[in-house]
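Both counts, for ligands and for their atoms, begin at 1 and track the order of listing.
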Amino acid sequence: MTTSDNTQKNFSYDIASEIRDLKAKKKATILAHYYEEGDIQDIADFVGDSYFLAKKGQEVQSDLILLAGVVFMAESVKILNPTKKVLVPDLDAGCSLVNSSPYEKYLKWRQQNPDGIAVTYINSSAEVKAISDVIITSSNAERIINSIPKDRKILFGPDQHLGRWLMKKLSRKFELWNGSCEVHVLFNAKRLNDLIQEHPDAVVIAHPECEELVLQYASVIGSTSRLLEEVEKNPAKKFIVATETGIFHQMQKLRPDVQLIQAPVEDKSCACNNCPYMKLNSLQKIKQALLTEKPEITLNEALRVKAQISLDRMMDITTGKSVSWPSQFEM
Ligand code: 13P
Ligand code: SF4
């Protein structure tokens, strides 16, 4: 190990212990998504997929919660647990799905289809959640859609690829919004096929935000937690993984014996399997956020109350409760 490696290691060790001390002093809870860097996942109290983070965020007792992920995840926690102070390391940590579903356009779509049930991916703004009927994540979408009466029209957004995959899987037709994840659409089907020929013993696993052409090669398609579970339980020794690379950290922790191969993107020189929004976070920014208790997620209370209706429906269905569906969209 070189001197600079040592300095780097000591630095991250020191900052990690500073964060742990600060967390204890402030009685804060840190929640982190699987797409964060490994050093961030390692200082978190809970690491998980977007459903798990929303659920944990709803249950957390401490008054201060730091969400190391993207802003829509922190907003979901604030909507569900409004008396807590919810921090994010960087308010610019957005999401291309949020950007592709601006409120005014989404509202127009809803108004044009007043009889439809708006099933909205959690990767959306609080404003869009407030005009939706139910929120889904990739881990509970099938269960939630199956609970909607078959004769009801479904408006699904903002991720068209997740929507298309669900339509096929559930043999049901939706009106689709045309948003997409800028990271997952970069995986390249032709190069993936070539990689599979080179590694015929590898199991291909993919997140449903990938395009249909890529998904056709995957034997397991699911949320980040589902993909992690597959690596943990499948006795195979090699996996080709079509999702963001942050999750490799937990995969490798659970299965140090397996080889994980990143699914390829078209541009061979690009580290495009990283979400630029998730990767805006760092230990330094987390420390600063805990010290200053900023940046904080704040939401207009009337908006929050409206957005909670669709998130509560998600929680109720996912935890086995029955729900009622509105007959018409009303503003
Ligand atoms: P998960 O709910 O599977 O963690 O997905 C979140 C996400 O942003 C995927 O890009
Ligand atoms: Fe959004 Fe894609 Fe990043 Fe997930 S990976 S947060 S969907 S941009």
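Classification of Lys153 and Asp115 as a salt-bridged pair holds, one side-chain N sitting under 4.0 Å from a carboxylate O. Using a 4.0 Å cut-off between charged side-chain N and carboxylate O, Lys108 and Glu104 make no salt bridge.
Contact analysis leaves Ser139 out of contact with ligand 1, as no non-hydrogen atom separation drops below 4.0 angstrom. Proximity of Tyr35 to ligand 1 is established by a heavy-atom distance of less than 4.0 Å. Ligand 1 is never approached by Arg226 to a heavy-atom distance shorter than 4.0 Å. Under the 4.0 angstrom criterion for non-hydrogen atoms, Glu244 is not in contact with ligand 1.
Looking at ligand 1, you'll find an N or O of Ser50 within less than 3.5 Å of one of its N or O atoms. Between Thr137 and ligand 1, a contact under 3.5 Å exists for no N or O pair. On a distance-only criterion, Asp49 and ligand 1 share no N/O pair closer than 3.5 Å. For the pair Ser225 and ligand 1, the shortest N or O to N or O distance does not fall below 3.5 Å.
Each of the atoms 10 (O) of ligand 1 lies under 4.0 Å from some heavy atom of His184. Each of the following atoms of ligand 1 lies closer than 4.0 Å to a heavy atom of Thr224: 1 (P), 3 (O), 4 (O). Atoms of ligand 1 found under 4.0 Å from any heavy atom of His33, numbered from 1 in the order shown, are 1 (P), 4 (O), 6 (C).
Residues His249 and Asp42 come closest through the heavy atom pair NE2-OD1, 2.9 Å.
A side-chain donor-acceptor contact under 3.5 Å links Asn146 to the backbone of Glu142. With Glu75 contributing its side chain and Ala126 its backbone, the two residues share a donor-acceptor pair below 3.5 Å. Within the 3.5 Å criterion, the main-chain N or O of Gln259 finds no donor-acceptor partner in the side chain of Lys237. Remark: side-chain polar atoms of Gln41 are paired, donor with acceptor, to backbone N or O of Glu36 under 3.5 angstrom.
Protein heavy atom closest to atom 5 (O) of ligand 1, with residue, atom name and distance, is His207 NE2, 3.3 Å. Annotation: atom 10 (O) of ligand 1 to nearest protein heavy atom, Glu209 OE1, 2.8 Å.
Of all the heavy atoms of Ser223, the ones lying under 4.0 Å from any atom of ligand 1 are found in both the backbone and the side chain. Residue Asn123 touches ligand 1 through its side chain alone, judged by heavy-atom distances below 4.0 Å.
Shown are Lys279, Gln262, His207, His184; of these, the side-chain hydrogen bond (donor to acceptor under 3.5 Å, both in side chains) with Glu244 is made only by Lys279. In summary, of the residues considered (Ile297, Val77, Asn281, Thr29), a side-chain contact (heavy atoms from CB on, under 4.5 Å) with Leu67 occurs for Val77 alone. Residue Met251 forms a side-chain contact (heavy atoms from CB on, under 4.5 Å) with just one option from Val231, Val258, Thr224, and that option is Val231.
Excluding waters, the set of protein N, O or S atoms lying under 2.8 Å from atom 1 (Fe) of ligand 2 comprises Cys95 SG.
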(request) Evaluate the salt bridge (charged side-chain N to carboxylate O under 4.0 Å, His left out) criterion for residues Asp312 and Lys321: first the C-alpha distance (whole Å), next the side-chain angles of each, then the deciding distance (0.1 Å), finally the verdict. (result) CA-CA 11 Å; Asp312 277 348; Lys321 296 190 190 114; over 6 Å; no

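Heavy atoms from other residues, nucleotides or ligands lying under 6.0 Å from NZ of Lys105 number 12 at most.
There is no side-chain donor-acceptor pair under 3.5 Å between Ser310 and Ser132.
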